[in-house]
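In what follows, residues are counted from 1 in the order of the sequence shown. Here the structure is a predicted model, which is why all the values come from computation and not from measurement.
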Amino acid sequence: MKRYSAFAIAREAARYHTGWERAWRAPEPKKKYDVIIVGAGGHGLATAYYLGKNFGITNVAILEKGWLGGGNTGRNTTIIRSNYLQDPSAAIYEKARSLYETMSQDLNYNVMFSPRGVIMLAQTHHEVRGYQRTAHANALQGVQTEFIGPEKVKELVPIIRLEGPRYPVLGGLWQARGGTARHDAVAWGYARACSDMGMDVIQKCEVTAIRRDGDKVVGVDTSKGTIDCDKLGIVVAGHSGHLADMAGFRLPIESVALQALVSEPIKPCMDVVVMANTVHGYMSQSDKGEMVIGGGTDGYNNYTQRGSFHHIEETVRALIETFPMISRLKMLRQWGGIVDVTGDRSPILSKTPVDGVFINCGWGTGGFKAIPGSGWAMAELMAKGRSPLTDEFGLNRFGEGRFIDESVAAGVAH
C-alpha cells in the first residue's frame with residue numbers, strides 16, 4: 001500500500017490524480033479465519049488492527065452488515081477525554097486518549113485529532129464537589145485535569161454566559177489534552193491499515209447465526225455464506241443483545257437512541273469542547289464552522305437512527321441559556337445513533353459463556369473516545385486470554401456486585 005504524504009499529493013496532482021489506489025480491499029469471504037470480528041465500526045476495526053500490530057494475528061475478517069463506520073462511529077459528536085473517577089475507567093480511557101495523540105502517524109492517515117481541551121461545567125454546588133473529587137482522583141491516576149473557577153472558564157470560552165438564569169457557571173473540570181477527532185477518518189484509517197496487513201473487511205455481510213459445537217464457537221452464517229473461525233469477537237454496540245442471543249447467552253444491556261445535531265457553519269467562535277451535564281447538553285465547533293451539539297438519550301428503548309423534535313427543543317433550550325448567541329443559528333441537520341447502556345454505565349469487555357466468543361459492548365454514549373484503548377484491550381484479551389485493562393469490565397461483575405459506577409461519577413452517562 002502506498003504511503004500518504006505531501007510528496008504523494010504533489011505527484012498525483014501532476015498526473016491528475018490517476019494513481020490513487022483503493023484505501024482498502026473489497027474481498028469475498030474465505031471459508032475460515034483465525035478470528036472473525038462482527039462490526040466494522042471504530043471498536044471492531046481497532047480490535048482487528050491491534051490483533052495484527054501487537055500479536056501478529058492477521059488471518060482476520062471484519063464483517064459489517066451495512067457500510068464501514070455507518071453506525072455510531074459515524075454518528076457521534078467526536079469528544080475525546082479521560083477524566084473519569086473510577087480507576088478502571090480512567091485507565092482505559094487514558095490509554096485511548098494517549099493513542100489518539102499519535103494515531104495519524106501510526107496509521108499514516110490524518111484523523112484530524114485536535115487536542116483543544118474539554119471543559120465539564122459545574123453548574124450546581126453538588127457538581128463542584130463532584131468535579132473537585134474527580135480532579136483529585138485523576139491526580140492519583142496520572143490523568144492531567146484540574147478544577148477551574150468561572151473566571152478561567154470565561155477566559156477559555158468568551159461566548160459563555162456565566163450568570164444563569166437557571167444554572168450559573170460555578171467552575172469546571174478542565175482537561176487541556178482532551179479534544180476531538182474526525183470520526184469517519186478514525187474508521188477509514190483503521191480499515192486501511194487492517195487491509196494492508198492482509199485482513200478482510202467485508203461490508204454488506206450480515207451475520208444471521210452463530211454456530212457452536214457444544215460450548216465452543218465454530219463459525220457464523222452470513223448473508224454471504226458460512227464462515228468458520230476459531231475465535232469470534234462481537235463488537236456491534238446497540239445490536240449486541242441480538243448477537244448474544246444468537247450465541248446463546250444474555251447481556252445486561254438496553255439499547256436507546258442518542259441524538260445530535262449541527263448548526264449552519266459560522267466563523268470561529270469557540271475553540272474548546274464544553275459539556276454542561278446539569279442541563280445535559282454539549283457543544284464544540286467543527287473545522288467547517290458548524291456548532292456540533294449533543295444531548296441526552298431517549299427515555300425509552302428503541303432502535304431508531306433518526307432525530308425527534310422534543311430533543312431539539314430540550315437540548316437547544318438548555319444550551320441557549322449558557323450560550324445566548326446560538327439562538328440566532330439555524331439547524332443544518334439532525335440524526336440519532338443506537339447506544340448500548342449497562343446498569344453501571346460502564347462497558348463490558350469480556351469472555352462469554354461460549355468458548356471462543358468475546359464481547360465488547362456497553363459503551364453507552366461515550367464510545368468514540370475509547371476506540372483505540374478499547375481495541376488495544378480487546379485484542380489483548382482475545383489473543384492472550386486476559387488484559388489488565390479489561391479485568392474489571394467482565395460480565396461476571398454484575399453477578400458479583402462489582403459495579404463500576406460512572407453514572408454518578410461522571411454526572412452523565414458518558
Next on the checklist: If you count heavy atoms of other groups shown closer than 6.0 angstrom to CD of Glu101, is the number above 12?
Outcome noted: yes

Item to check | Residue His125 excluded, over 12 heavy atoms near NE2 under 6.0 Å | outcome: no

Checklist entry - Where do His126 and Tyr131 land on the ring pair (Phe, Tyr, Trp, His ring centres under 6.0 Å) test, with the steps shown first? => result CA-CA 9 Å; His126 172 74; Tyr131 288 149; 9.2 Å; no

Next on the checklist: Using a 6.0 Å cut-off, check whether atom CZ of Phe7 has over 12 heavy atoms from anything other than its own residue.
Outcome noted: no

Checklist entry - Which atoms form the tightest heavy-atom contact between Pro115 and Arg177, and what is the distance? => result CB-O, 4.3 Å

Checklist entry - Between Glu290 and Arg333, is there a side-chain N and carboxylate O pair less than 4.0 Å apart? => result yes

Checklist entry - Should the pair Glu321-Arg166 be classified as a salt bridge under the 4.0 Å nitrogen-to-oxygen rule? => result yes

Checklist entry - Will you find, in the side chains of Ser374 and His43, an N or O donor that is under 3.5 Å from an N or O acceptor? => result yes

Next on the checklist: I'd like to know if the side chain of Glu206 pairs up with that of Ser223 as donor and acceptor (distance under 3.5 Å, no hydrogens or angles considered).
Outcome noted: no

Next on the checklist: Assess whether a salt bridge exists between Asp245 and Arg250, defined as any Lys/Arg side-chain N lying under 4.0 Å from an Asp/Glu carboxylate O.
Outcome noted: no

Item to check | Geometric class of the Phe398/Phe403 ring pair [parallel <30°, tilted 30-60°, perpendicular >60°] | outcome: tilted

Next on the checklist: Quick check: closest heavy atoms across Gly373 and Leu99, and the distance to 0.1 Å?
Outcome noted: N-CD1, 4.1 Å

Checklist outcome for this item: For Tyr100, the ring-ring contact (aromatic ring centres under 6.0 Å, His included) test, sequence neighbours excluded, returns Phe368

Checklist entry - Is Glu127 salt-bridged to Arg129, cutoff N-O under 4.0 Å? => result no

Checklist entry - Is it true that Lys154 and Glu151 make a salt bridge, defined as a side-chain N closer than 4.0 Å to a carboxylate O? => result no

Item to check | Set of side chain to side chain donor-acceptor pair (under 3.5 Å) partners for Asn138, sequence neighbours left out | outcome: Gln141, Thr145

Next on the checklist: Minimum heavy-atom separation for Ala383 and Ile57, please, with both atom names.
Outcome noted: CB-CD1, 4.0 Å

Checklist entry - With a 4.5 Å heavy-atom cut-off, do Pro388 and Glu380 have their side chains touching? => result yes

Item to check | Val273 to Gly179 - nearest heavy-atom pair and separation | outcome: CG2-O, 4.3 Å

Item to check | Over all atoms of both residues, closest heavy-atom pair of Leu332 and Ser263 | outcome: CB-O, 3.5 Å

Checklist entry - Do the rings of Trp363 and Tyr93 sit parallel, tilted or perpendicular, given the 30° and 60° boundaries? => result perpendicular

Checklist entry - When the aromatic ring centroids of Tyr303 and His239 are compared, is their separation below 6.0 Å? => result yes

Checklist entry - Has Trp67 got more than 12 heavy atoms of other residues, nucleotides or ligands less than 6.0 Å from its CH2? => result no

Item to check | Pair Asp196 + Arg22, salt bridge at N-O below 4.0 Å | outcome: no

Item to check | Member of Gln86, Arg397, Glu406 meeting the side-chain contact (heavy atoms from CB on, under 4.5 Å) criterion with Asp344 | outcome: Arg397

Item to check | Side-chain (Lys2) to main-chain (Gly19) donor-acceptor, under 3.5 angstrom | outcome: yes

Checklist entry - If you look at every heavy atom in Arg192 and Asn108, which pair is closest and at what distance? => result NH1-O, 3.4 Å

